[in-house]
Number of protein chains: 2
Amino acid sequence: MKQRVTIADVAKKAGVSATTVSRILNGNYSQTSAETTARVLEAIRELDYRPNALAKGLKQMKTQVIGVILSNLQNPFWLRVLKGIEDTCRKAGYQLMICNSCDDPAIEAEHIKNLQTRNVDGIIVNPTPGNRDLFEQLLATGYPCVFVNRHLPNLAMPGVVMNNIRGASLAVEHLLEGGRQRIAIIAYQGEITTWTERVEGYKTTLLAHGKREQDLLIELVPNRPGAARSAAIRLLKRNPRPDALLSTTNLMTLEILDAIQSLGLRIPEDVALVGYDETMWCKYLNPPLTTVRQPAYEMGEIAAKRIIQLCKGTRRTKLDVTVLEPELVVRESSRPASATPDVGATIAAGTGTSG
Amino acid sequence: MKQRVTIADVAKKAGVSATTVSRILNGNYSQTSAETTARVLEAIRELDYRPNALAKGLKQMKTQVIGVILSNLQNPFWLRVLKGIEDTCRKAGYQLMICNSCDDPAIEAEHIKNLQTRNVDGIIVNPTPGNRDLFEQLLATGYPCVFVNRHLPNLAMPGVVMNNIRGASLAVEHLLEGGRQRIAIIAYQGEITTWTERVEGYKTTLLAHGKREQDLLIELVPNRPGAARSAAIRLLKRNPRPDALLSTTNLMTLEILDAIQSLGLRIPEDVALVGYDETMWCKYLNPPLTTVRQPAYEMGEIAAKRIIQLCKGTRRTKLDVTVLEPELVVRESSRPASATPDVGATIAAGTGTSG
DNA sequence: TGCAAGCGGTTTATCGTTTTCCTATGCCAC
DNA sequence: GTGGCATAGGAAAACGATAAACCGCTTGCA
């Protein structure tokens with residue numbers, strides 16, 4: 001199938017060479033007279049000519065496309081991140097190629113190779129630990145790449161992450177203040193920094209408040225539908241029963257809610273619940289849910305700015321990691337069992353950048 | 001920036017011409033001996049060669065990329081559609097280029113042109129009415145395009161849509177059976193088929209059940225945050241007050257919930273609420289929400305299959321529209337004010353295809 | 001006086017593939 | 001021998017755009 005209109009057609013129509021047309025297209029007016037420029041622009045308009053991005057990309061080895069690899073698009077958290085990325089990229093004239101790795105290193109690797117094959121200018125990725133070698137290679141070859149939300153320990157890839165330790169810490173401190181004694185946490189198993197750090201935040205905060213190792217109630221579950229629900233039920237059947245649950249994920253929270261409901265327990269009277277990651281529906285749950293709010297949009301924005309900077313920079317730009325701070329949104333689900341509601345209050349934590 | 005390994009490098013290493021390498025890459029073994037083939041494959045492996053998709057696309061005018069233009073990625077409904085599209089395309093070896101039109105015809109037009117410029121093999125789009133001419137042109141030139149969820153009246157574009165009339169009808173009939181007398185609907189203004197059809201379904205069903213024109217309570221609001229909330233408050237302050245509200249959108253439902261809560265009304269005692277489009281959180285709302293469930297994943301799947309078929313088909317394939325049937329998920333929010341809960345029941349409606 | 005830069009462009013090379021012709025070579029039947 | 005015809009593979013021309021070199025002439029500047 002032949003392309004409708006090529007630069008040659010425009011050139012012929014305007015009575016000039018293709019080069020002249022190309023120069024005008026690229027805003028290089030200095031070498032053409034005003035009349036010629038006008039004639040060419042008129043021809044472009046009349047033929048509704050638009051340059052073939054493939055040919056342009058082949059020649060320049062730049063495509064104005066950024067690859068984005070996310071672990072789970074089903075999670076609304078990523079939508080907000082994506083929106084931040086998208087808005088920023090669109091403003092800068094970049095198109096997105098979005099891929100879903102499903103947290104599977106094999107799929108992720110495939111996507112990375114595919115994106116490179118397509119000569120995307122850079123890649124934003126929520127990395128799985130399984131492809132460390134691949135990322136090391138990207139870093140070594142200077143291929144523009146930025147991590148988002150997660151990082152890989154001891155890998156100097158630029159990125160944007162959340163302060164997960166702080167997030168869990170905020171939640172635990174809030175529950176302690178509310179008089180909760182037996183706080184449990186459910187998290188996914190694996191070397192994913194977002195998960196391990198939240199558990200770490202839980203642990204250090206409790207220990208700092210005088211709890212002992214054996215008081216900790218940590219339930220690690222595989223990242224698979226239903227696993228968190230079972231774990232919650234297991235926890236809630238313990239004797240004595242935990243009086244507070246800390247979820248570490250958006251979707252996990254819904255499973256825990258399900259578990260609590262199925263056991264006929266009341267929130268917050270029997271057990272308090274704090275979710276991780278604020279969504280549009282948290283406010284309307286039964287009861288309204290206390291959550292750790294994360295600046296997702298902002299994270300996407302920063303990641304996009306970072307990758308664009310890397311794409312444009314001729315020399316290797318500085319490599320650093322930005323850490324964004326979460327805040328706690330307090331609602332009824334974590335209200336002290338014997339207290340008046342304290343709905344809508346927010347404990348902020350500020351935002352900052354560190355190396 | 002020079003590409004690391006090209007076909008020429010492989011050819012040199014294997015002691016053959018680029019032609020031979022290309023032939024082998026494309027599975028055309030009939031013209032090369034077994035030894036040569038083995039030698040070339042070995043060279044490819046050793047050099048970790050992967051063909052440049054840009055050059056290949058330029059030559060063939062095929063990119064194995066499908067463009068997807070959606071009106072609002074923030075809506076989880078589209079995520080499920082997207083997942084259907086993605087799974088299907090990945091299986092078939094296609095990559096996605098996802099764009100957000102934000103229901104703005106100008107942005108949509110820009111995306112369409114951009115996608116064509118990048119020589120995507122086909123486009124799946126949730127169309128805005130503002131670009132009818134553009135779509136007519138696509139249709140005329142035979143550029144593969146498939147509509148999803150919406151359609152444009154009198155435009156013979158292949159597509160997949162939901163039976164929206166039926167969806168609203170199911171909801172209204174359910175409310176009528178529950179004894180509700182003053183059923184109101186809130187919908188967005190505009191020539192968007194999903195919205196107009198739902199209103200139509202509401203209208204025809206009520207009229208068919210003996211209501212008169214003046215009994216209809218239709219509130220049309222602009223598609224803008226907060227508008228639905230105001231409309232709901234306006235409706236609920238009427239005297240007599242509506243005893244049932246039918247939402248027509250995912251996000252609108254949350255706004256309506258907000259309105260009801262702010263007025264201190266109880267669901268379903270004071271007013272019943274039925275949402276449109278089932279999400280993962282509907283079950284956990286306060287109270288659990290009755291909704292119209294739509295086969296979103298399936299819709300994406302079918303749209304993807306359709307576009308792939310069009311991309312591959314040398315001749316113009318048959319152009320038809322698939323209509324998917326919704327079902328009602330009954331939960332507490334629509335329970336008759338004076339009745340026992342009837343939670344979890346589902347009224348199915350079957351699925352079919354029509355021209 | 002001599003060299004370089006600018007005028008408004010064109011020619012030509014190039015990006016990495018695929019594709020369309022070709023060309024050897026060997027084998028067979030006559 | 002020689003013509004015919006597979007077989008295995010190569011050379012070169014696309015594909016559409018951009019970058020570099022260059023055209024013959026004029027002008028600026030040391």
Side-chain angles (χ1 to χ4, degrees), chain A residues 1-41 43-44 47-65 113-114 116-121 314, chain B residues 1-41 43-44 47-65 114 116-121:
Chain A
M1 172 166 315
K2 186 121 177 140
Q3 175 157 322
R4 290 182 315 143
V5 181
T6 74
I7 199 170
D9 300 323
V10 175
K12 198 197 295 174
K13 174 146 193 145
V16 296
S17 77
T19 301
T20 303
V21 178
S22 173
R23 279 210 268 254
I24 291 174
L25 277 172
N26 295 10
N28 198 344
Y29 299 100
S30 65
Q31 295 183 62
T32 52
S33 66
E35 311 95 88
T36 308
T37 302
R39 205 148 25 91
V40 169
L41 288 176
I44 288 174
L47 296 175
D48 188 29
Y49 165 74
R50 266 162 302 126
N52 184 321
L54 252 38
K56 180 168 179 158
L58 175 60
K59 179 64 185 175
Q60 305 188 141
M61 287 303 168
K62 294 260 171 186
T63 52
Q64 296 288 106
V65 176
K113 290 187 179 174
N114 189 293
Q116 284 192 284
T117 266
R118 294 190 186 275
N119 285 79
V120 300
D121 293 351
T314 46
Chain B
M1 174 168 312
K2 187 119 176 142
Q3 175 158 321
R4 288 181 319 143
V5 182
T6 74
I7 201 172
D9 299 325
V10 176
K12 199 196 296 176
K13 174 148 192 143
V16 296
S17 76
T19 304
T20 304
V21 178
S22 174
R23 280 207 269 255
I24 291 173
L25 277 172
N26 295 6
N28 196 346
Y29 299 101
S30 66
Q31 294 184 64
T32 50
S33 67
E35 312 95 89
T36 309
T37 302
R39 204 147 29 88
V40 169
L41 288 176
I44 288 174
L47 296 175
D48 187 28
Y49 166 73
R50 267 164 299 126
N52 184 320
L54 251 37
K56 179 168 180 156
L58 174 61
K59 183 63 188 172
Q60 305 190 138
M61 285 303 166
K62 294 260 171 188
T63 51
Q64 295 287 108
V65 176
N114 190 293
Q116 283 192 286
T117 268
R118 294 188 187 278
N119 283 78
V120 300
D121 294 350

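FYI, side chains are in, hydrogens and waters are out, and symmetry mates aren't considered; it's all heavy atoms of this structure. Keep in mind that this is a model prediction, so the values were computed, not measured. Protein chains get the first letters and strands the later ones, always in sequence-line order, with residue 1 at the start of each.
Atom CD of B:Gln60 is separated from atom P of D:dG16 by 13 Å (rounded to the nearest Å). The CG atom of A:Asn26 sits 18 Å away from the P atom of D:dG16 (whole-angstrom rounding). When rounded to the nearest whole Å, the span between NZ of A:Lys12 and P of D:dA17 equals 14 Å. Rounded to an integer number of Å, the gap from CG of B:Leu58 to C1' of C:dT19 is 13 Å. One interatomic measurement links the two molecules: CG of B:Leu54 to P of D:dG16, which rounds to 14 Å at whole-angstrom precision. B:Asp9 has its CG atom 13 Å from the C1' atom of C:dC15, to the nearest Å. The separation between A:Asn52 atom CG and D:dA14 atom C1' is 14 Å, rounded to whole Å. Rounded to an integer number of Å, the gap from CG of B:Asn119 to P of C:dT18 is 16 Å.
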Could you walk me through whether B:Asn26 and B:Lys56 pass side-chain contact (heavy atoms from CB on, under 4.5 Å), step by step? CA-CA 11 Å; B:Asn26 295 6; B:Lys56 179 168 180 156; 4.0 Å; yes
Report the C-alpha separation of B:Asp48 and B:Val5 in whole Å, then their side-chain angles, then the decisive distance to 0.1 Å, and conclude whether the side-chain contact (heavy atoms from CB on, under 4.5 Å) test is met. CA-CA 8 Å; B:Asp48 187 28; B:Val5 182; over 6 Å; no
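For the residue pair A:Thr37/A:Thr32, the side-chain donor-acceptor check at 3.5 Å is satisfied.
Contact annotation: the side chain of B:Leu25 approaches that of B:Val21 to within less than 4.5 Å [non-hydrogen atoms, C-beta and beyond]. Here the side chains of B:Asn52 and A:Met61 are in contact, with some heavy-atom distance below 4.5 Å.
For A:Lys12, the NZ atom is loosely surrounded, since the number of other residues' heavy atoms within 6.0 Å does not exceed 12.
When distances run from any side-chain atom of B:Thr6 to the nucleotides C:dG16, C:dT18, D:dT18, the shortest one goes to C:dG16.
The base of C:dT14 sits within donor-acceptor range of the side chain of A:Lys59, with an N or O pair under 3.5 Å.
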List every contact pair, protein side and nucleotides 4-10 of chain D side both N or O, where the distance is under 3.5 Å.
{"from": "D:dG9", "atom 1": "OP1", "to": "B:Ser33", "atom 2": "OG", "distance (Å)": "3.4"}
{"from": "D:dG9", "atom 1": "OP1", "to": "B:Thr36", "atom 2": "OG1", "distance (Å)": "2.4"}
{"from": "D:dG9", "atom 1": "OP2", "to": "B:Ser33", "atom 2": "N", "distance (Å)": "2.6"}
{"from": "D:dG9", "atom 1": "N7", "to": "B:Arg23", "atom 2": "NH2", "distance (Å)": "3.1"}
{"from": "D:dG10", "atom 1": "OP1", "to": "B:Ser17", "atom 2": "N", "distance (Å)": "3.4"}
{"from": "D:dG10", "atom 1": "OP2", "to": "B:Ser17", "atom 2": "N", "distance (Å)": "2.9"}
{"from": "D:dG10", "atom 1": "OP2", "to": "B:Ser17", "atom 2": "OG", "distance (Å)": "3.0"}
{"from": "D:dG10", "atom 1": "OP2", "to": "B:Thr20", "atom 2": "OG1", "distance (Å)": "2.5"}
{"from": "D:dG10", "atom 1": "N7", "to": "B:Arg23", "atom 2": "NH2", "distance (Å)": "3.3"}
{"from": "D:dG10", "atom 1": "O6", "to": "B:Arg23", "atom 2": "NH1", "distance (Å)": "3.4"}
{"from": "D:dG10", "atom 1": "O6", "to": "B:Arg23", "atom 2": "NH2", "distance (Å)": "3.3"}

